[in-house]
Amino acid sequence: MKFLEQVFNWIFIIGVVLLIGRIVTMVFRFLDTPFITFFTDYSGISFIILIVGVIGTEVMKRNKKAV
């Protein structure tokens, strides 16, 4: 169970990093400054990673409280 909790925590952290990258990309696009397109090309996947990480982390917290 500890391993699964760590996996979901890492998925959540990766999702947050990708979200920050999307925000930075949006700011650079707003300023008409050239920037990498990695975060816009994979924005759907990064959103799914973030959602899975959040849901998994919350489920693990609830299971830990119940036990």
Is there a chain of hydrophobic side chains (I, L, V, M, F, W, Y, each step under 4.5 Å between heavy atoms) that links Ile13 to Phe47?
no
Side-chain contact, heavy-atom cut-off 4.5 Å: Phe8 with Val52?
yes
Can you get from Val59 to Trp10 by hopping between Ile, Leu, Val, Met, Phe, Trp and Tyr side chains that sit under 4.5 Å apart?
no
Phe12, CZ: over 12 other non-hydrogen atoms inside 6.0 angstrom:
no
On a heavy-atom basis, which atom in Glu5 and which in Met60 lie closest, and how many Å separate them?
CA-CG, 3.9 Å
Hydrophobic cluster membership, Phe3 vs Ile14, 4.5 Å side-chain cutoff:
yes
Leu4 reachable from Val54 in the ILVMFWY side-chain graph, under 4.5 Å edges
yes
Considering all heavy atoms, the nearest Val16-Leu50 contact:
N-CD1, 3.7 Å
Is there side-chain contact between Asn9 and Thr57, with heavy atoms separated by less than 4.5 Å?
yes
For the atom pair CG (Leu18) and CD1 (Ile48), what is the distance rounded to the nearest 0.5 Å?
12.0 Å
Same apolar cluster (I L V M F W Y, side chains within < 4.5 Å links), Val17/Val7
no
